[in-house]
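Whatever order the structure lists ligands and atoms in, that order sets their numbers, starting from 1. Quick caveat, the model's predicted, so the values are computed rather than measured. Residue numbers count from 1 along this sequence.
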Amino acid sequence: MRESAPATDNSAQPVTSLPGVGAALAKTLERLGLRTLQDLWFHLPLRYEDRTRLTPIRDLQPGAAAQVEGRVEAVERGFRYRPQLRVAIGDDSRATLLLRFFHFNAAQANQLIVGTRLRCYGDVRRGQHGLEMVHPQYRRVADSEAAVVEGSLTPVYPVTEGLSSPRLAGVIARALQRLPQDAELELLPAELRKVYKLTSLRAALLYAHRPPPDADLAQMALGAHPAQQRLAFEELLAQHLSLKRLRSRIREHAAPALRGDGDLRKRFLAGLPFAPTRAQQRVAAEVARDLARPAPMLRLVQGDVGSGKTVVAALAALAAVESGAQAALMAPTELLAEQHYRNFRRWMEPLGIEVVWLAGKLKGKARTAALAQIAGNDEARRAQIVIGTHALMQEGVAFRELALVIIDEQHRFGVHQRLALREKGRVADNVPHQLVLTATPIPRTLAMTAYADLDVSVIDELPPGRTPVNTVAIAKSRRADVIERIRAACAGGRQAYWVCTIIEESDLLQAQAAEAVHGELTAALPGLSIGLVHGRLKPAQKQAVMDAFAAGQIALLVATTVIEVGVDVPNASLMIVENAERLGLAQLHQLRGRVGRGSVESSCVLLYQSPLSAMARQRLDVLRETGDGFRIAEKDLELRGPGEVLGTRQTGQMILRIADLARDAHLLSAVQRAGAALLEKHPELADKLIGRWIGQAARYAGA
Ligand code: ADP
Ligand code: MG
């Protein structure tokens, strides 16, 4: 609830309240998420240009940007290869600089005549005939005009089509004139600013938009200036507080205390062909303890690929069943959900437990029957465990007594989806417990921020008998060798995956790419039984292929990344990943987790298209060097940034505008401490901070 704004609070005033901003410009600004004065204040430059001085041409250094002023000495239009305009300018330092334009119109060319005085800004580079600037920004300077330069560094803003950075800079400058004094603007109490050595917000914003001529540009480029750090701190604090708030709001509810007698769990464990690892036991006990309380559990279980999270999930579900309630397990893909469904049926049916399947593709009578079981209409066949995709959250799905929600592979879902499923189980003031499983280990620093609303348990041990996967990176030009390697492996009774990756999100294009590879391999490997699975197949078709692969009837499985999560065929010991350079580390680690599940020595071949970028090379190196999901996640964060690691692209979960979790990780423990202090002493300020930062972020997420 927004409090009524004090008279001095102009932060929510629309951009159109500024002189010169009409409806058309407002619409363009809206595309950048800029609707209010406050939006403009917090729209920070991407970088800065130094136009506070003129550099004599003689002193120019290649590789750096500079501003120069000189007279046109010669103009030449060339047409070698492509049209080109070459303009030589000279200044009092008696040196010449070449300006080169490849795109220009007649008017422009006509303006650039010998004797004209120009002021140019651009990157200096070494050309064939000395130093040059390609497509510099320039303007003509009248002879009468003094050599006045800018008084501060020039901000370069993120812009959108139809809006130039200088124009946006003008609008923001006008908005900054309306920036209130600290008394109205500042939300961090003085004592807190003192402890964490934070400048005032007003000073930080003014500095970030218009750094003085002597500002350290290198430091600013790293976001390391105290003004920038102050803003990042506040944003991270707001994010942290909003998750804490979310958590405490959930904690105000009650949840059914699931204190079953443990009988089903005992029988389930007795039926498993293995004993749980110590780590599984510890985490299962943590979960059981949460479930036994009359307050909603909010727990994230992290465990590397293959660490055995499903067993922990099954034990939790059984605790609900023992108490006469229902548990739901939601997975991000149909393939994974189906696999869970089969596992759970295999485990649960001997115990007399009714497991029900629900996915979007389930239609007609089968769907009606499943819904009736879930709603508990048919007492005799009441669903006790429900497994499915996000279809579980859809309208029309009503649970009879949902006491536990389990979400597998959390990073594919956002906070909002998590909450939506929880609402399904809501009865009066009672909400279900929540267990979230993720195979993408979240680096500690990130977990503290992005998952501040969850308790975390870690399965830090793999079941015994796993063999490390031997990983190699091979250029695509050696594809034939790789195919030969498959032939040899399959001749020896092993099974292999060939994973096709293309960047397009479209199912169709991915399927087509996989079909093409399937055709090619079928031709290259006669006599080998080769299967194909992709997202366009009907569930029954997919299942038939997976079953045949699991049963060893298919030797080589060509697949899209649908097999990324969860698929479990222990005899498969060779994996080829095509275009590995295009995938993120976490995704590659997931894929690789499909092999190395049995006792045979396994390998993973990362096929790449040369030449590799330095970044791609580093990524592949990390995978070759380690199989430790946590180390890989840390590296991933370092190389790619948190948005990608958390999958915020899909989920809109946490959109940071100023802070950068990798760069600003050192702030996080202070942010946590400051957050706790603020909630204790100034909860009203915490609300305002959340309103300032998250109210807007929600809109960004929808954009
Ligand atoms: P993930 O954590 O990646 O979801 P799974 O739950 O799919 O891992 O388990 C991977 C494989 O390991 C499965 O075949 C599972 O049956 C097996 N498994 C799980 N726990 C153990 C254990 N304690 N000992 C041996 N195998 C186990
Ligand atoms: Mg799993």
Checklist entry - Step by step, would you call I406 with M330 a side chain to side chain contact (heavy atoms under 4.5 Å, CB included)? => result CA-CA 6 Å; I406 304 170; M330 179 165 79; over 6 Å; no
Checklist entry - Side chains of R494 and S573: donor-acceptor distance under 3.5 Å anywhere? => result yes
Checklist entry - Under a 4.0 Å N-O cut-off, is there an ion pair linking R487 with E484? => result yes
Next on the checklist: Any carboxylate oxygen within less than 4.0 angstrom of a Lys/Arg side-chain nitrogen, looking at R382 and E354?
Outcome noted: no
Item to check | Sub-3.5 Å N/O-N/O distance, P464 and ligand 1 | outcome: no
Item to check | N or O contact, G306 vs ligand 1, cut-off under 3.5 Å | outcome: yes
Next on the checklist: Nearest non-hydrogen contact with atom 9 (O) of ligand 1 belongs to which option: G303, A314, A279, G308?
Outcome noted: G308
If the cut-off is 4.0 Å to any non-hydrogen atom of [X], which atoms of ligand 1 fall inside it?
X: P276; result: 23 (N)
X: T310; result: 4 (O), 5 (P), 6 (O), 7 (O)
X: A275; result: 22 (C), 23 (N), 24 (N)
X: T277; result: 23 (N)
X: V305; result: 3 (O)

Checklist entry - Is there a donor-acceptor pair closer than 3.5 Å between any side-chain N or O of E581 and the backbone N or O of Q609? => result yes
Checklist entry - Which part of P570 is near ligand 1, with near meaning a heavy atom under 4.0 Å away: side chain, backbone, both or neither? => result neither
Item to check | side chain to side chain donor-acceptor pair (under 3.5 Å) contacts touching residues 311-332 (sequence neighbours left out) | outcome: R265-E322
Next on the checklist: Do I387 and R345 make a side-chain contact, defined as non-hydrogen atoms from C-beta onward lying under 4.5 Å apart?
Outcome noted: no
